[in-house]
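Beneath this line is the structure, given in structure tokens, with notes to follow.
To find a chain, count down the sequence lines: A is the first, B the second, and so on, and within it residues start at 1. All values below were derived from every heavy atom in this structure, side-chain atoms included, with hydrogens, water molecules and symmetry-related copies excluded.
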There are 2 protein chains.
Amino acid sequence: MPARRAPLTRERAVQAATALADEHGLAALTMRALAERLGVRPMAVYHHVPHKDALLGLLVEEVLGQVAPPPPGAPWREALGTRCRSAREVLRAHPWALVLLESRRTPGPTSLEHHDAVLGTLLGAGFDVPAAGHAYALLDAFVYGFVLQESTLPFDDAHAPEVADEIVAAVPEGAYPHLVRFARERVREGYAFGDEFEVGLRLVLDAVASLHPGATDRAGRRTVDA
Amino acid sequence: MPARRAPLTRERAVQAATALADEHGLAALTMRALAERLGVRPMAVYHHVPHKDALLGLLVEEVLGQVAPPPPGAPWREALGTRCRSAREVLRAHPWALVLLESRRTPGPTSLEHHDAVLGTLLGAGFDVPAAGHAYALLDAFVYGFVLQESTLPFDDAHAPEVADEIVAAVPEGAYPHLVRFARERVREGYAFGDEFEVGLRLVLDAVASLHPGATDRAGRRTVDA
DNA sequence: ACCTGAACACCGTTCAAGT
DNA sequence: ACCTGAACACCGTTCAAGT
């Protein structure tokens with residue numbers, strides 16, 4: 001490890017902090033550990049960032065900036081599907097970012113730009129303002145909530161069957177009958193929780209479609225009041 | 001403040017820790033602050049809980065235990081609506097619990113019992129095992145994600161109009177046109193983000209219904225493959 | 001302009017000791 | 001059995017000082 005490589009910048013601090021959190025978790029991201037990784041004394045970081053909280057805000061912006069906005073030309077359903085899949089991938093790669101969201105008060109320009117693009121896709125596709133609000137709230141609730149569940153799982157998809165077996169074996173006879181049934185019939189056969197993302201996304205996009213002013217129900221009646 | 005009230009118990013420690021996190025946030029919940037609130041020296045808490053991480057696990061269980069399970073007799077849609085509304089209320093009252101979920105590896109008996117009841121409601125209503133898995137993943141993604149968004153908002157619903165005005169005023173001319181339009185047309189008129197919960201829940205329950213083996217689409221074809 | 005050393009007020013947790 | 005005091009290895013951050 002070289003004594004000092006490039007001059008310390010805010011950008012380099014953010015990169016190193018991201019890598020630290022990715023590799024060892026958010027708890028391992030201390031100002032002191034970050035400084036060491038940067039080959040610098042702890043106080044040097046404070047010359048580029050006022051305090052740790054500001055650094056965390058930059059991390060959130062950095063991660064959200066990696067989420068692909070909905071491609072402008074595409075039909076709304078495809079465009080939103082692309083951006084939701086991208087959001088899930090990015091947040092799965094940096095699960096600590098979702099936790100930081102909770103502590104962030106004011107969004108930065110990157111988040112605002114992204115939100116504006118999503119809203120623009122909906123409004124441009126003919127959704128009215130209230131429907132766009134419903135759609136956006138639902139889409140992001142699904143994506144955020146799915147990633148939260150995914151990052152909470154005590155196993156990765158590959159090891160699900162073994163873990164399910166262990167859990168079932170540890171449960172008292174007769175307890176949690178439905179969970180046990182689910183584990184026996186579903187998880188053992190290679191169930192991957194991650195696969196539920198596409199299932200859910202399709203349903204959520206169907207739901208969004210039903211909010212479109214032009215949508216009709218199965219009897220041909222308009223789904224949304226004018 | 002009395003010098004010492006009741007003898008210290010694990011139960012009292014969990015109650016005090018919950019109150020501390022509710023009132024001052026998760027960061028204020030330190031072993032030392034908790035001890036002071038309990039009228040005891042820091043190390044006394046360790047006699048009832050092996051370490052802080054175990055205490056946090058107990059907090060999560062305590063909060064999840066407050067979520068009403070789906071009432072057994074009711075039709076599935078009503079039963080799941082009740083439990084989702086309850087989950088949202090409880091998690092909104094203790095937003096730090098959602099963050100702790102991420103760090104929890106193995107669920108306790110309270111969570112397992114709850115999950116079993118939800119799964120039982122779905123299976124008892126005639127959903128097959130794969131459909132129950134889809135439905136559960138979607139429902140909880142929605143509830144968790146909604147609460148996460150809700151707790152991240154930089155304003156409560158009552159002050160949304162003022163905050164929206166400030167934000168719009170602060171934005172550079174011509175930037176974020178769709179966000180500005182949304183703020184102008186929707187937020188100003190008393191838009192409450194919290195109201196999106198019922199809208200989204202209805203759509204999500206509709207989506208779940210479409211997973212039922214008996215469900216048909218608008219052309220009368222079965223929605224789900226056999 | 002950029003980085004540093006020493007210090008302060010905190011953490012969670014250990015261990016041996018008190019009652 | 002239950003609680004304590006002192007100590008250790010950490011935190012984030014201040015301030016005055018170095019180059």
Could you state the atom-to-atom distance from [atom1] of [X] to [atom2] of [N] in whole Å?
X	N	atom1	atom2	answer
B:Leu34	D:dC3	CG	C1'	15 Å
B:Leu8	D:dC3	CG	C1'	9 Å
A:Leu26	D:dC11	CG	P	13 Å
A:Leu38	C:dC3	CG	P	10 Å

Who are the ring pair (Phe, Tyr, Trp, His ring centres under 6.0 Å) partners of [X], not counting sequence neighbours?
X	result
B:Phe182	B:Tyr191
B:His115	B:Tyr136
A:Tyr176	none

Check every atom of D:dA7, D:dG12, D:dC3 against the side chain of B:Arg32 and return the nucleotide holding the closest atom. D:dA7
Show every side chain to side chain donor-acceptor pair (under 3.5 Å) that has at least one partner inside residues 19-33 of chain A, sequence neighbours left out. A:Asp22-A:His94, A:Asp22-A:Trp96, A:Glu23-A:Arg37
Sequence neighbours excluded, the answer for salt bridge (Lys or Arg N to Asp or Glu O under 4.0 Å) partners of B:Glu185 is B:Arg181
Run the salt bridge (Lys or Arg N to Asp or Glu O under 4.0 Å) test against A:Glu198 and tell me which residues pass, sequence neighbours left out. A:Arg85
Table please: side-chain donor-acceptor pairs of residues 160-175 of chain B below 3.5 Å, with sequence neighbours left out.
| residue | atom | partner | partner atom | Å |
| --- | --- | --- | --- | --- |
| B:Asp165 | OD1 | B:Arg188 | NE | 2.7 |
| B:Asp165 | OD1 | B:Arg188 | NH2 | 3.3 |

A:His47 and A:Leu8: CA distance, side-chain angles, deciding distance, side chain to side chain contact (heavy atoms under 4.5 Å, CB included) verdict: CA-CA 9 Å; A:His47 206 266; A:Leu8 187 50; over 6 Å; no
Might you list the N or O atoms of the protein lying below 3.5 Å from N or O atoms in nucleotides 17-19 of chain C, with each pair's distance?
none

Between A:Ser86 (side chain only) and A:Thr82 (backbone N and O only), is there a donor and an acceptor less than 3.5 Å apart? no
Listed once per pair and sorted, the salt bridge (charged side-chain N to carboxylate O under 4.0 Å, His left out) pairs that draw on residues 108-122 of chain B, sequence neighbours left out: none
Identify the stems formed by DNA chain C, where each pair is Watson-Crick or G-U wobble with both distances under 3.5 angstrom and a stem is at least 3 consecutive pairs. C:4-8 with D:12-16, C:12-16 with D:4-8
Name all residues meeting the side chain to side chain contact (heavy atoms under 4.5 Å, CB included) criterion together with B:Glu36; count only those two or more places apart in sequence or in a different chain, and write none if there are none. none
Per the under-4.0 Å heavy-atom filter, residues of residues 41-57 of chain B near DNA chain D come out as B:Arg41, B:Met43, B:Ala44, B:His47, B:His48
